[in-house]
Amino acid sequence: MTSELSVDSPIYALLQPLEFLNLLVGPDDITMDKDFKHIIKRQWNVFMRAKGVEILGYCITPSVLRSQLEHNGVSTHQLCSLLNLNDKQDVVLAYSLLREIWSLPPPPASCDPTFALACRALNIYGEFAQHLMLPYVCIEQDLDKQLIHLSVAAHLAFLLYRHNSASTHFMPRQSYLDIVLMIKNVYFCVAKTKVDNPTTNFYLILLGTDRLETFFGLIRTAVSTDANVDMLQLGSRASGLTEVAAILAEHPEWDYSTRRMWLPVFSKDTREFTSKADHINPRDWRGNV
Amino acid sequence: MLSPFGDLLVNQRDVTEDTHEEDNPLEVSNPNLHDEGRSRLQSVPYTHEGDLEDAIADEAPRNNGTSEILIQGQKTTKAKALRHRMANHSNRSSTDRLKHVQQLPCFDGVSRVTDTDIITSSADVLGVPSLRIGNPIAVLVRCEGLVVLAVAQVNRLKFAGKDNLNELPIHLLADPTARVDSQILRLIAVTLDDDPTQVHDWCWSLQMEASCDNIPGQGVHPINPSLSVQKPGQPTFLFESTFLVTLSCNLFQELRPEDRRNLLVIKQSEYFPYQGSSGALLSWLL
């Protein structure tokens with residue numbers, strides 16, 4: 001990102017009214033993107049830090065989080081898996097933890113003061129997590145709702161990062177930057193789509209590196225027992241695997257995807273999660289995008 | 001593959017089956033079974049020419065039972081219910097590549113036997129007094145070269161190499177391996193709204209100060225302050241100066257010389273060390 005978005009750019013008129021949007025772009029108005037599943041995973045990792053997460057001045061350590069979830073009826077064996085430090089790459093685990101956090105009710109009127117404060121802090125974080133994740137898992141959301149959610153998430157992240165100079169006590173700088181960059185990129189991509197092809201649909205879930213990771217997985221499968229792929233193997237298999245990827249894109253019902261990249265679907269009507277779809281793809285999306 | 005000798009084996013009967021039944025070792029060793037089996041084969045002649053599995057499926061009684069069960073008032077399939085129930089019990093491999101190769105499980109089975117259960121188990125029916133996460137404590141810290149009292153809340157408990165315990169019996173706090181992480185509470189002068197009885201002169205403002213990490217358990221004193229619920233949904237703690245002064249003196253007297261040198265250093269802030277409404281530091285500065 002080397003220069004401000006040019007006034008002559010066709011997307012300038014669409015993005016300029018957004019007051020707090022950073023308009024720095026690279027060549028050809030390119031912007032940086034981060035994969036949303038990685039963002040989700042990192043949020044889980046943040047909660048597993050020994051020093052915890054400082055939310056509006058209150059430090060939420062794994063122990064505090066555990067006691068809050070326990071009080072909300074999360075079973076012990078479920079807590080053991082949700083707060084397990086041995087697997088930092090499990091998207092589903094991260095997703096489940098964030099879902100439990102935003103499901104926490106407000107503190108009861110007659111509870112312990114420290115417990116109530118921790119609960120309120122987690123409620124605010126839950127709001128942030130919900131706004132960050134719903135655009136990617138709630139398949140009934142329209143594009144405008146998705147953008148509103150992401151905007152709220154960016155503002156809440158900004159508030160929590162800035163409040164009381166929490167900074168890295170809230171989350172690592174890189175994580176915060178990645179969230180903001182991801183949201184900024186969404187707005188830029190929507191604007192570009194509106195200019196380039198205004199009649200087409202824009203699927204938020206196609207941003208990120210899912211397709212690339214899937215292709216990487218196919219290559220790893222094709223080279224069988226080798227841990228990594230060399231140039232020769234890549235050259236000989238890439239074209240064939242591209243065809244495989246194209247076939248799977250044409251027939252999503254054949255594509256079981258990877259278990260670690262599976263995300264449950266959220267229904268806005270029932271406010272519950274459903275496993276009707278094995279994984280979310282454009283075909284499942286019911287919102288007006 | 002299906003024609004090792006030129007003829008397709010599908011739908012062909014093995015001729016030796018009927019003529020050389022004695023080749024079956026089970027039947028040889030058990031003459032009763034032999035007779036019974038032969039009589040059954042003789043009474044029911046083999047007539048099937050198609051796929052055996054299809055025939056079994058045709059003959060099998062139809063399963064009229066339902067696979068649905070009720071879980072918390074909601075109808076769901078047994079398979080789904082079992083999957084949800086066992087989701088957190090599965091011993092799946094770690095996604096970490098190195099651990100995966102070592103066939104280490106995704107979830108550590110050893111640590112799943114909760115650490116707290118081992119440490120806090122007690123034969124006492126009423127349980128032993130324990131320090132729990134979120135409990136208020138009093139500790140002495142050093143700030144700007146002075147030893148001052150800090151009222152904090154417990155964020156993390158460590159004992160004997162175990163981390164993130166839910167609670168720790170108070171008698172184990174004296175153990176050298178016991179460590180407590182906490183965050184200081186911001187105390188301010190009490191108002192009439194917080195304490196109409198005017199017995200207390202300090203209250204927690206529901207704001208937090210700096211964190212105090214890795215405090216030795218022996219330097220921690222659990223306290224049980226009075227509770228104010230004057231503001232709905234915002235309960236807070238109330239303190240008396242006399243109590244805090246006495247507590248500070250006691251804690252200071254219990255400190256060994258090496259403990260005094262190793263007191264945790266906390267940066268001064270607008271509200272810490274605690275100050276009275278006049279701005280002067282409290283008398284329980286040691």
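Here is how names work: the chains are called A, B, and so on, in the same order as the sequence lines, proteins then strands, and each is numbered from 1. In what follows, every heavy atom counts, from backbone to side chain, and hydrogens, waters and symmetry copies are set aside.
The number of heavy-atom neighbours closer than 6.0 Å to CG of A:D230, taken from other residues, nucleotides and ligands shown, is above 12. Environment of CZ in A:R49: crowded, with over 12 heavy atoms of neighbouring residues, nucleotides or ligands closer than 6.0 Å.
The closest side-chain heavy-atom distance from A:R66 to B:N166 is below 4.5 Å.
Listed by chain and number, the residues in a side chain to side chain contact (heavy atoms under 4.5 Å, CB included) with A:T61 are A:C59, A:S63, A:V64, B:N155 (sequence neighbours excluded).
Heavy-atom pairs under 4.5 Å with chain B peak, among A:K51, A:H169, A:R120, A:E54, at A:R120. Comparing A:A118, A:S96, A:P107, A:A50 by heavy-atom pairs within less than 4.5 Å of chain B, the highest count is held by A:A50.
Looking at B:I133, only its side chain comes within 4.5 Å of chain A, counting heavy atoms on both sides.
Between B:Q153 and A:Y58 the shortest heavy-atom distance is NE2-OH, 2.6 Å.
For the atom pair CE (B:M208) and CD1 (A:I55), the distance works out to 12.5 Å, reported to the nearest 0.5 Å. Going from atom CG of A:D112 over to atom CG of B:L227 covers 7.0 Å, rounded to the nearest 0.5 Å.
Residue pairs meeting the side-chain hydrogen bond (donor to acceptor under 3.5 Å, both in side chains) criterion with at least one member in residues 169-178 of chain B, sequence neighbours excluded: B:D175-B:T177.
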Output, in order, the C-alpha distance, side-chain angles, deciding distance and verdict of side chain to side chain contact (heavy atoms under 4.5 Å, CB included) for A:L117 and B:W204.
-> CA-CA 11 Å; A:L117 196 62; B:W204 176 32; 3.3 Å; yes

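Between the side chain of A:T114 and the backbone N or O of B:G134, at least one donor-acceptor pair lies under 3.5 Å. A donor-acceptor pair is defined here as one N or O able to donate and one able to accept, closer than 3.5 Å; no such pair exists between the side chain of B:Q234 and the backbone of A:A116.
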